Protein chains: 2
Amino acid sequence: MKPDKEPTTKDNGAEEHSYYRPAVAVDVLIFTIINEKLRILLIKRGIEPFLGKWAIPGGFVRENESLEETAIRELAEETGVTDIYLEQLYTFGEPERDPRGRVISVAYYALVPSGKVGVLSAATDVTEAKWFPVNDLPELAFDHRQVIDYAIKRLRWKLEYTSVAYSLLEEEFTLTDLQRIYEIILNRPFDKRNFRKKILSLNLVEPTGKKVVRGVHRPAQTYRFKKRQLSLVEIT
Amino acid sequence: MKPDKEPTTKDNGAEEHSYYRPAVAVDVLIFTIINEKLRILLIKRGIEPFLGKWAIPGGFVRENESLEETAIRELAEETGVTDIYLEQLYTFGEPERDPRGRVISVAYYALVPSGKVGVLSAATDVTEAKWFPVNDLPELAFDHRQVIDYAIKRLRWKLEYTSVAYSLLEEEFTLTDLQRIYEIILNRPFDKRNFRKKILSLNLVEPTGKKVVRGVHRPAQTYRFKKRQLSLVEIT
DNA sequence: CCAAAAGTGTTTGCTCTACACCCATGG
DNA sequence: CCATGGGTGTAGAGCAAACACTTTTGG
């Protein structure tokens, strides 16, 4: 139970005694789209430091629990959802990030389908939690502003080069739904014809055969994502 | 000094006492190119577990030292070099990765210019360290095989989409040098004319005006990287 | 019949690929 | 003068961008 030289063995036996052990937390950035805006789930701090400020939900790693398991647990505690897109983002370890002492925090980010969101926001009302549009954030605790900025950059990048976008949609969706995800997150318009051409040429999506009527206009074909597996470039 | 609820405040006061604190290590994957091969610096373990197996150099985070500082320190201890490309790779935290107890390890990877290598391999002879070609690795300790595989994937990706390649070269280099870096790491040939056209069109490189003679043939123009700063896509 | 989103092709420019020969040097 | 890598251009294919009208529905 007392690691002495891991993971290396650079034999300068000077460090045989107990090592300095920082606290290790996992923070989970939970994104979704509500009302045409990319939003993140934040919780209001009830204690010092940063009392009253908003923060990314997170918690400490437990014994016998992997980092990913911690993230999944946190996610479930906050939102009740499981089985959604989750990816390690970055590990933040500046000594001064927490005024109370050293905390190394491994950040993950999760994408929740826009549809499950009603449920979520209800479930999270108990502990003071809210979905904030990412371009209208409140005052944040710790270095959480930078963490969020970094996550958004990564999300934008992933959206352009992989198929994460599907993680923000329900099983069945229209191509317009998909296009809207891209437009909202990347914050620029796409040409409808070119967009559809590109998506269909990627062959990641197939029509369900069903149509859905969503207003006083022509019904739309719905599609489903072929394999519920992500990305061509599965390197972060 | 005793963080109680960081970084979140999900008020279930059950965890007010001292948290479980795993050991936190930083491992540094140091890559370079020697003799037309991509190589990684490994050290031989002198103690159990995995005695005699090779491992990625690393060490524990110290108080008041950021993760990056730890990585820089490890890198300097192993190789003597400073001021080289360093990037956080991933954080590995499976509870069973170290048989002796929980160790969370934040992996960084570094790229050392091919030229500084002579110096390095000499300097590292003291502690049993060796440069191994990445496609001819010895038996490795812990989960280090996967860590290396992951790093190589990331390195390949970075090479294609950013300008990390320059981190493996000296200040001044020929276009053939650069092409060779790409060919070695991506393990496929490039067309000389197309390669040069592309590199020059990116405008990241400028001729030094000097030429270098390196054999019984026409001397080559040398170039330098315009801004010693990396990547267009500065995300992960 | 009107409003609103769904759906659909073609042209143009640009980027990527394939490909072969002359040049400068040292021995 | 020979061997060796340095250096250069062009044509064709495939991909990305721009762009406008018809269809289906509910009210």
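Lettering of chains follows the sequences in order, A, B, ..., and the numbering in each one begins at 1. Atoms considered below: every heavy atom in the structure, side chains included; atoms not considered: hydrogens, waters and symmetry mates. These numbers come from a predicted model, not from an experiment.
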**Q** Should A:Lys116 and A:Glu170 count as an ion pair when the cut-off is N to O under 4.0 Å?
**A** no
**Q** Any idea how B:Tyr161 and A:Tyr161 line up, ring-wise: parallel (<30°), tilted (30 to 60°), or perpendicular (>60°)?
**A** tilted
**Q** Using the six-membered ring wherever Trp is involved, compare the ring planes of A:Tyr182 and A:Phe190 and label them parallel, tilted or perpendicular (cut-offs 30° and 60°).
**A** perpendicular
**Q** Do the rings of B:Tyr150 and B:Tyr90 sit parallel, tilted or perpendicular, given the 30° and 60° boundaries?
**A** perpendicular
**Q** Does one side chain, of A:Thr222 or A:Thr208, offer a donor that lies under 3.5 Å from an acceptor on the other?
**A** yes
**Q** Taking protein heavy atoms under 4.0 Å as touching, what does nucleotides 15-20 of chain C look like 5' to 3' if B marks base contact, S marks sugar-phosphate-only contact and - marks none?
**A** --BBBB
**Q** Where along residues 206-223 of chain A does a heavy atom fall under 4.0 Å from DNA chain C?
**A** A:Val216, A:His217, A:Arg218, A:Pro219, A:Ala220, A:Gln221
**Q** Closer than 4.0 angstrom, basic N to acidic O: yes or no for B:Arg73 and B:Glu69?
**A** no
**Q** Would B:Tyr223 and B:Phe173 count as a ring pair (Phe, Tyr, Trp, His ring centres under 6.0 Å) if you check the C-alpha gap in whole Å, the side-chain angles of each, and the deciding distance to 0.1 Å?
**A** CA-CA 5 Å; B:Tyr223 290 80; B:Phe173 51 87; 7.0 Å; no
**Q** How many whole angstroms separate atom CZ of B:Phe195 from atom C1' of D:dG9?
**A** 18 Å
**Q** Would you mind classifying the nucleic acid contact of A:Thr176 as base, sugar-phosphate or nothing, using non-hydrogen atoms under 4.0 angstrom?
**A** sugar-phosphate
**Q** Mind calculating the distance between CG (B:Leu178) and C1' (D:dG7) to the nearest angstrom?
**A** 16 Å
**Q** Without decimals, in angstroms, what is the distance between A:Phe190 CZ and C:dA6 P?
**A** 17 Å
**Q** Tell me whether the rings of A:Tyr109 and A:Phe31 are parallel (<30°), tilted (30 to 60°) or perpendicular (>60°).
**A** perpendicular
